[in-house]
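The structure appears right after this line, and notes come after that.
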Number of protein chains: 2
Amino acid sequence: MAEKTTYSISELAKEFDVTTRSVRFYEDQGLLKPARRGQTRIFSSKDRVRLKLILRGKRMGFSLAETKELFDLWDETLTGNEKQLLKMLTILDNKRAQLEQQKNDIAQAEMEMDTAEARCREALADLQKRKRQQKGAEKEAPEPAEQK
Amino acid sequence: MAEKTTYSISELAKEFDVTTRSVRFYEDQGLLKPARRGQTRIFSSKDRVRLKLILRGKRMGFSLAETKELFDLWDETLTGNEKQLLKMLTILDNKRAQLEQQKNDIAQAEMEMDTAEARCREALADLQKRKRQQKGAEKEAPEPAEQK
DNA sequence: AATTTACTTTACGTTTACGTAAACTTTATC
DNA sequence: GATAAAGTTTACGTAAACGTAAAGTAAATT
């Protein structure tokens, strides 16, 4: 038994660096379904996984609604009628296309950042050069008399 | 002269499949700065590039404010004082880290989609199998008499 | 001249993803 | 048993990114 199986709301919040408010909100929107002991929420490791997926989804630009759709779909898929399964397969295909697009976007962004960085470094080198040149000039004519 | 140099709002909107409302909103937020002929906006190819960047940013989960920050910073950088240049370099570094995170996220997502797809296909194969078995059974005992 | 078409500003409405405060209960600690 | 700590619900507030009229202008077409 290496894995902890239940978590409090603040444990999860701390682990993933979100507020408890957010966690409750995700439950409200049907993305998490913690058990209860009285009023208190008790999160399972499944909930934990889902929270992780929610946050990754957000980083990838997915809305909560989109993520919920996927969760729901996957749950339905597990009940396993043929139509659901086929639907899931096509949706997986679509998501894959989305990921491809994102990979392209990232690659583009990286290239542009490369050229941006290069330009920055060039500009910096230029500045350094001018500084050195000025220092040389100062030796020829020291103290270039301030303008009053 | 291969490149068109000016665009109307609806040309851009159509090309990038956004509403004119969005384009005006981006201007409002300081992300685009089209020239004017009287009241009418005239977009340059620089504006076009920026719009492309805005939309890519959105796909990558950047807010308009974040994108604007980058635009502004880059503009300042072009004026080229040393502090700005160094700041830009560190920001580029941060963005690179963000992209790395996103690449990880995407890789994870792809793996999970692989296993998801596998499970789907397994489940489907299972269903097919049962269908065949049922057909076989029908031959042994045809018309399994409906329950009234 | 009248109409259509594209564009404009102004402004209120909407959805998403929480923040924040208030008032209350439950659980742990001294 | 008082008090602090963590949890709860309810509810109003907010920023972002537009949607959606409403009402007007300007240019091109019939």
Side-chain angles (χ1 to χ4, degrees), chain A residues 4-44 47-48 50-72 98 102 105, chain B residues 4-44 47-48 50-73 98 101-102 105:
Chain A
K4 207 178 174 222
T5 56
T6 73
Y7 308 83
S8 76
I9 191 169
S10 44
E11 276 175 335
L12 281 188
K14 193 178 283 183
E15 177 175 358
F16 292 107
D17 195 32
V18 295
T19 64
T20 58
R21 176 69 178 90
S22 298
V23 176
R24 292 198 193 93
F25 184 75
Y26 299 152
E27 180 189 6
D28 229 59
Q29 302 301 303
L31 289 149
L32 298 176
K33 288 167 192 173
R36 300 268 176 155
R37 204 181 66 202
Q39 301 246 74
T40 308
R41 277 161 255 249
I42 301 179
F43 295 86
S44 68
D47 289 316
R48 208 188 82 115
R50 290 207 158 190
L51 181 51
K52 198 188 287 190
L53 291 176
I54 291 168
L55 298 177
R56 183 197 298 157
K58 292 199 68 182
R59 287 196 302 270
M60 294 172 61
F62 292 170
S63 73
L64 295 184
E66 282 174 304
T67 301
K68 177 177 158 54
E69 252 194 75
L70 283 178
F71 285 175
D72 290 353
Q98 233 181 93
Q102 292 205 19
D105 287 338
Chain B
K4 210 182 172 219
T5 57
T6 72
Y7 308 84
S8 78
I9 191 170
S10 45
E11 275 175 335
L12 281 188
K14 192 177 284 182
E15 177 176 356
F16 292 107
D17 196 32
V18 295
T19 64
T20 58
R21 177 69 179 90
S22 299
V23 176
R24 291 196 193 97
F25 185 74
Y26 299 152
E27 180 189 6
D28 229 58
Q29 302 301 303
L31 289 148
L32 299 175
K33 288 168 192 171
R36 298 272 175 152
R37 204 182 67 200
Q39 301 246 75
T40 308
R41 277 161 256 250
I42 301 179
F43 295 86
S44 67
D47 289 315
R48 208 188 83 117
R50 289 206 159 191
L51 181 52
K52 197 189 286 186
L53 291 175
I54 292 168
L55 298 176
R56 182 197 300 156
K58 294 200 67 185
R59 286 196 302 269
M60 296 172 60
F62 293 169
S63 74
L64 294 185
E66 284 175 302
T67 302
K68 176 178 160 52
E69 251 193 76
L70 284 178
F71 284 176
D72 290 353
L73 224 86
Q98 231 180 92
Q101 167 73 324
Q102 293 205 18
D105 287 338

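The shown structure was predicted, so the numbers you read here are calculated from the model rather than taken from an experiment. Chain identifiers are assigned alphabetically (A, B, ...) following the order of the sequence lines, protein sequences preceding nucleic acid strands; residue numbering begins at 1 within each chain.
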### Message
Applying side chain to side chain donor-acceptor pair (under 3.5 Å), can you list everything that pairs with A:T40, at least two apart in sequence or on another chain?
### Response
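Testing A:T40 for side chain to side chain donor-acceptor pair (under 3.5 Å), a comparison that skips the adjacent residues, returns none.
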
### Query
For B:T67, which residues count as a side chain to side chain donor-acceptor pair (under 3.5 Å) partner, sequence neighbours excluded?
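Partners of B:T67 under the side chain to side chain donor-acceptor pair (under 3.5 Å) test: none.
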
Separation of [X] atom [atom1] from [N] atom [atom2], in whole Å?
X	N	atom1	atom2	result
B:F25	D:dG19	CZ	C1'	11 Å
A:R37	C:dT25	CZ	P	19 Å
B:D28	D:dA16	CG	P	13 Å
B:L32	D:dA17	CG	C1'	14 Å

### Task
Look at atom CD of A:E11 and say whether more than 12 heavy atoms of other residues, nucleotides or ligands are closer to it than 6.0 Å.
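For A:E11, atom CD is crowded (more than 12 foreign heavy atoms under 6.0 Å).
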
### Message
Would you say CD of B:E15 has more than 12 non-hydrogen atoms from neighbouring residues, nucleotides or ligands within 6.0 angstrom?
### Response
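More than 12 heavy atoms, drawn from other residues, nucleotides or ligands, come within 6.0 Å of this atom.
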
### Query
Which atoms form the tightest heavy-atom contact between B:M60 and B:Q102, and what is the distance?
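That closest heavy-atom pairing would be O-NE2, 3.1 Å.
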
### Query
How far apart are the closest heavy atoms of A:S10 and A:T20, and which atoms are they?
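Where A:S10 meets A:T20 most closely, the heavy atoms are CA-CG2, 4.3 Å.
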
Under 3.5 Å, which donor-acceptor pairs link side chains of residues 29-39 of chain B to any protein atom two or more places apart or in another chain?
| residue | atom | partner | partner atom | Å |
| --- | --- | --- | --- | --- |
| B:R36 | NH1 | B:Q39 | O | 2.7 |
| B:R36 | NH2 | B:E27 | OE2 | 3.0 |

### Query
A:D47: what forms a salt bridge (Lys or Arg N to Asp or Glu O under 4.0 Å) with it, not counting sequence neighbours?
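Per chain and number, A:D47 pairs via salt bridge (Lys or Arg N to Asp or Glu O under 4.0 Å) with no residue.
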
### Task
For each nucleotide in nucleotides 7-13 of chain D, reading 5' to 3', give B when a protein heavy atom comes within less than 4.0 Å of its base, S when such contact involves only the sugar-phosphate, and - otherwise.
SBB-B--

### Query
Considering only heavy atoms, which members of residues 53-71 of chain A lie under 4.0 Å from some atom of DNA chain C?
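By residue number: A:K58, A:S63, A:L64.
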
